[in-house]
Amino acid sequence: MLKTSRYVNKNQLEKKFARKLANILRSAIEKNGAASLIVSGGSTPVGLFKELSNIALPWEHIVVSLADERWVDPADDASNEKLVKTHLLQNFAVDARYVSLKPTTAATVDDAIRHASTEMTSILPFDVVILGMGEDGHTASIFPCSNEWAEAVRYDTDEFYVEVNPTTAPHTRVSLRLPSITNAKHIFLHITGDKKKAVLDAALEAEQALPIKQVIDQAEVELVWAP
C-alpha cells in the first residue's frame, strides 16, 4: 500500500523528511534503547543526509547501514559507503554505528553477507528503511534484469541479503532481500522530479510486478516526493 507525501520542492522535502526521520528514531530509542536506519545511495538523498546529520540525536544508539552496496572499494566514487560517510556520518551523526556491506575483512560477497547478517540480527526488524528507485523499477539492488531477481524476492528463507549481478548496470551488488525490506517498521520511497514519479506510476501499472511494485504490494510504503 502506498501513501504519498508531496512537498513543494526538494529543499522543503529534505528539511521536513529529516525531522520526521529524527522523530521516528528518537521514539525507537526511547522505547527500545536503540534504533536502526537503512539508507540508499545515489544523488537523491545527499541533501537529506546533510539535514539529518545536523539534528542532535543520541546517535551513539543508532545503527546505520545500506539497503545495497556495489562490490567496489569503499574509497571508490561508486561506493554507497563513501557517499554515506561523506554526507550522513558527519556532524552529530558521526557517533552512529555504521555496518558496512563491503567490510575490509570480507574477501568475498559471501563473507560480506555473513558479516552484515551477524551484525544486523539483533536489530531486526529495521526501524527505518529509505529506498530509492531506478528507471527500470529496481529498488535496493533488486534488479529485474538479474538472474537473482527471483531469489531476492523469496519469502521462504531466513537470509537477509543476496548477491545480485545486474546485466544493465555495472558491478556485483550486495542487496537486502525483499522480506528484509517489507518487514521494516517504517518504509519510505524517496524520489524527486516528475520523471521519476512517471516511472513509478508506470511500474505500478505494469503487468509485470517490478521490484518496487513488489515492495509496495507487500508492505505499507510512504512515497516522499517533490517535483
Side-chain angles (χ1 to χ4, degrees), residues 1-5 13-42 44-45 47-69 80-81 83-85 87-101 113 115-133 139-142 155 158-162 174-191 212 214-216 218-225:
M1 184 177 72
L2 187 67
K3 169 189 172 184
T4 300
S5 294
L13 182 157
E14 289 165 353
K15 290 182 181 300
K16 291 195 172 184
F17 189 23
R19 288 198 291 270
K20 177 182 286 189
L21 292 171
N23 288 337
I24 292 170
L25 295 170
R26 189 178 289 110
S27 294
I29 294 167
E30 290 172 356
K31 182 178 180 180
N32 302 311
S36 50
L37 172 64
I38 309 301
V39 299
S40 296
T44 299
L48 173 67
F49 289 168
K50 291 178 179 178
E51 288 287 341
L52 193 54
S53 77
N54 279 295
I55 296 178
L57 289 168
W59 284 98
E60 66 275 13
H61 298 296
I62 298 174
V63 177
V64 175
S65 191
L66 286 157
D68 66 310
E69 178 62 284
N80 286 336
E81 178 170 324
L83 183 86
V84 168
K85 287 184 173 179
H87 299 291
L88 176 57
L89 301 181
Q90 301 289 329
N91 305 311
F92 291 114
V94 74
D95 291 329
R97 181 166 76 87
Y98 179 71
V99 175
S100 176
L101 300 187
I113 288 175
H115 166 82
S117 297
T118 299
E119 291 292 310
M120 293 304 210
T121 298
S122 64
I123 59 170
L124 289 171
F126 301 128
D127 291 299
V128 176
V129 172
I130 306 173
L131 298 172
M133 182 193 65
T139 192
S141 276
I142 306 176
Y155 271 80
D158 294 329
E159 297 181 2
F160 310 145
Y161 301 91
V162 64
V174 177
S175 178
L176 283 176
R177 292 171 176 267
L178 181 64
S180 302
I181 296 169
T182 58
N183 286 335
K185 297 173 186 175
H186 301 273
I187 306 168
F188 297 95
L189 173 58
H190 177 197
I191 61 175
I212 189 60
Q214 290 179 289
V215 175
I216 292 167
Q218 298 290 334
E220 292 187 8
V221 178
E222 181 173 340
L223 170 63
V224 180
W225 173 68

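Around atom NZ of K20, more than 12 heavy atoms belonging to other residues, nucleotides or ligands sit under 6.0 Å away. Counting non-hydrogen atoms of neighbouring residues, nucleotides and ligands closer than 6.0 angstrom, the NZ atom of K15 reaches no more than 12 such neighbours.
Interatomic distance, K185 NZ to I24 CD1, rounded to the nearest 0.5 Å: 11.0 Å. Distance check, rounded to the nearest 0.5 Å: CD1 of I38 to CD1 of I123 gives 6.0 Å.
The backbone N or O of F160 lies less than 3.5 Å from no partner atom in the side chain of R177, so there is not a single donor-acceptor pair. In this structure a side-chain-to-backbone donor-acceptor pair under 3.5 Å is present from T139 to G132. Proximity of a side-chain donor or acceptor of D127 to a complementary backbone N or O of A28 within less than 3.5 Å is not detected.
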### Task
Starting from the C-alpha separation in whole Å, work towards a yes-or-no answer on side chain to side chain contact (heavy atoms under 4.5 Å, CB included) for K16 and V224.
CA-CA 10 Å; K16 291 195 172 184; V224 180; over 6 Å; no
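A salt bridge does not link R97 with E60: none of the charged nitrogens is closer than 4.0 Å to a carboxylate oxygen. One finds no salt bridge joining E220 and K3 here, because no Lys/Arg side-chain nitrogen approaches an Asp/Glu carboxylate oxygen to under 4.0 Å. Between K85 and E81 there is a salt bridge, with a side-chain nitrogen of the basic residue lying less than 4.0 Å from a carboxylate oxygen of the acidic one.
A96 and L89 get closest at one heavy-atom pair: CB-CD2, 4.1 Å. The two residues I187 and A184 come nearest to each other via the heavy atoms CG1-CB, 3.9 Å. Residues E159 and S180 share a closest heavy-atom pair of O-OG, 4.2 Å. Residues M120 and S65 approach most closely at CE-CB, 3.0 Å, considering heavy atoms. E69 approaches N80 most closely through the heavy-atom pair OE1-N, 2.9 Å. Closest approach of L131 and A67 over heavy atoms only: CD2-CB, 4.4 Å.
Two residues are said to be in side-chain contact when any heavy atoms from C-beta on lie closer than 4.5 Å; Y98 and I62 fail this criterion. Taking the side chain as every heavy atom from C-beta outward, I142 and I212 never approach each other to under 4.5 Å. Within the 4.5 Å cutoff, the side chain of F49 has heavy atoms near those of the L83 side chain.
Looking at S175 and D68, their side chains never bring a donor and an acceptor atom within 3.5 Å of each other. For the residue pair Q90/S53, the side-chain donor-acceptor check at 3.5 Å is not satisfied.
Of the residues listed (V99, L176, V174, L101), the one engaging L66 in a side chain to side chain contact (heavy atoms under 4.5 Å, CB included) is L101, and it is the only one.
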